[in-house]
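Inspection log for the structure reproduced underneath, given as structure tokens.
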Amino acid sequence: MKLTIINLLFLIFPFTNQQESEYKDFRHFVSSKYFIPKSVQSNCNWHYAIVKATIKDRKIIGYKILNETSDDIKKSFKFLTGYRFLNKNIPKNQILVFCLSIENLKTSCDIPRTINYTPTEVLSKVMSGYAHQREIEPNSVFLFNPIISIMEDPRY
Amino acid sequence: VKPPVPVVPVPDIKNNVKDPCLKKMVDAAIKSDIVFDLKQTMNSIFNANTDFNLEFVDNALASNLDGLTDAVQSGGIPAAPNSQRIILTTLSLQITLNSTTLPNASKEYVTATILHEVLHAYFIESHVAFDHQVMFEQYIPWYTSILKTMYPGMDENDMLGLAYGGLQDAPSYIGTLTTLQKQSYKDANERYKSGAKGTPCTK
């Protein structure tokens, strides 16, 4: 539910500065290389990260997590640094902002789900993060469709 | 001008099982390319697509568990604005076989276990929930047909027993099988699991 609402609003959000489809390879790269940190795997609460990647000469030279989150989640994006965009339609230098949502389908964890965010809360967290970044660096490129990393119980 | 070097696809089904007997059984399963339905096989899903990977390992599990299937990495994107479904773009699954109990089991039992876990892997990839109920409703003939091909002399009731193995929590198992059937299938599983019946797993 929460993901669908985020997705819907991202699609009708009134500004766009770059086609999302140009970033297909990058999205694929993130979804295949992202590994959920161990500390998060054992925590059933919802986690997310709004990631700001700095791109110079089509290469990611650094990143920052814009929302408050654990150090483990912050470190879990280290793999981004060094990624090279091969798509020539993408500007050589830019700030790229995307959201990764950790979809936790586990039924039990060491740390049980203690916070049940409402759809509005989820939406506000992500959208206000984007809005804040746009105010600071208006030329940032935003990917509105979240990248989703999924956790679920083993099947026996 | 040198001809282009053909790109050799990297197989994404890995057999990292250590026990020699279980390893051989897993190799045989990969080689036979288990068919799930008319269009999809184990190799077509996990070997042909570099984004979907499957690894077999063996480790000590609780004695009542023969195996488990776990997604070690799973990523996706929203399917469509009006859809709640997530499209999986990457998936790395790991099937763990019980290294304590299975090496003593018969080949028939190990095969049934591998089939059971591979079905879980297929269901994760296909977004199927209520695995054991679906196995009960749709895959019993699938199990028995594979077992019949591999072990032509095997007793039909035993084949059914192994096919129903592990499905005891499915509502249909609880609700539709008679006490006699349940007992008979339980006995078959115990005999094949202990190695008292069936083909010994030769190393």
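Residue numbers begin at 1 in each chain, while the letters A, B, ... track the order of the sequences. In this text, all values refer to a predicted model and were calculated from it rather than measured experimentally.
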Would you say that A/Arg155 contacts B/Leu68 through its side chain, given a criterion of any heavy-atom pair below 4.5 Å between the two side chains? no
CZ of A/Phe35 to OG of B/Ser92, rounded to nearest 0.5 Å, is 5.5 Å
Under 4.5 Å to a heavy atom of chain B? For A/Tyr156 that would be both
| message | Around atom CG of B/Leu180, are there more than 12 heavy atoms from other residues, nucleotides or ligands closer than 6.0 Å? | response | no
Q.
Less than 4.5 Å apart, side chain to side chain, heavy atoms only: is that true for B/Asp70 and A/Glu152?
A. no
What do you reckon, is CZ of A/Phe79 surrounded by more than 12 foreign heavy atoms closer than 6.0 Å? yes
Value for CG (A/Asn145) from CD1 (B/Ile77), rounded to nearest 0.5 Å, stands at 7.0 Å
Discussion item. Using only atom types and a distance under 3.5 Å, with no angle test, would you say the side chain of B/His120 pairs donor to acceptor with the backbone of A/Pro154?
Written reply: no
B/Thr90 side-chain N/O to A/Ser31 backbone N/O, donor-acceptor pair under 3.5 Å:
yes
The reported gap from CE in A/Met151 to OG in B/Ser74 (rounded to nearest 0.5 angstrom) is 10.5 Å
What one should report as the nearest heavy-atom pair of B/Pro78 and A/Pro146 is CD-O, 3.3 Å
So OG of A/Ser32 and CG of B/Leu91: to nearest 0.5 Å the spacing works out to 12.0 Å
- Message: Just so I know, are the side chains of A/Ile150 and B/Leu88 near enough to count as touching, which here means a heavy-atom distance under 4.5 Å?
- Response: yes
Assert top hit (heavy-atom pairs under 4.5 Å, partner chain A, pool B/Glu117, B/His132, B/Gln94) equals B/His132
Answer whether the closest heavy-atom distance between the side chains of A/Ile36 and B/Gln73 falls below 4.5 Å.
-> no
Looking only at B/Leu61, B/Leu65, B/Thr89, B/Asp131, the option with the highest number of non-hydrogen pairs under 4.5 Å against chain A is B/Asp131
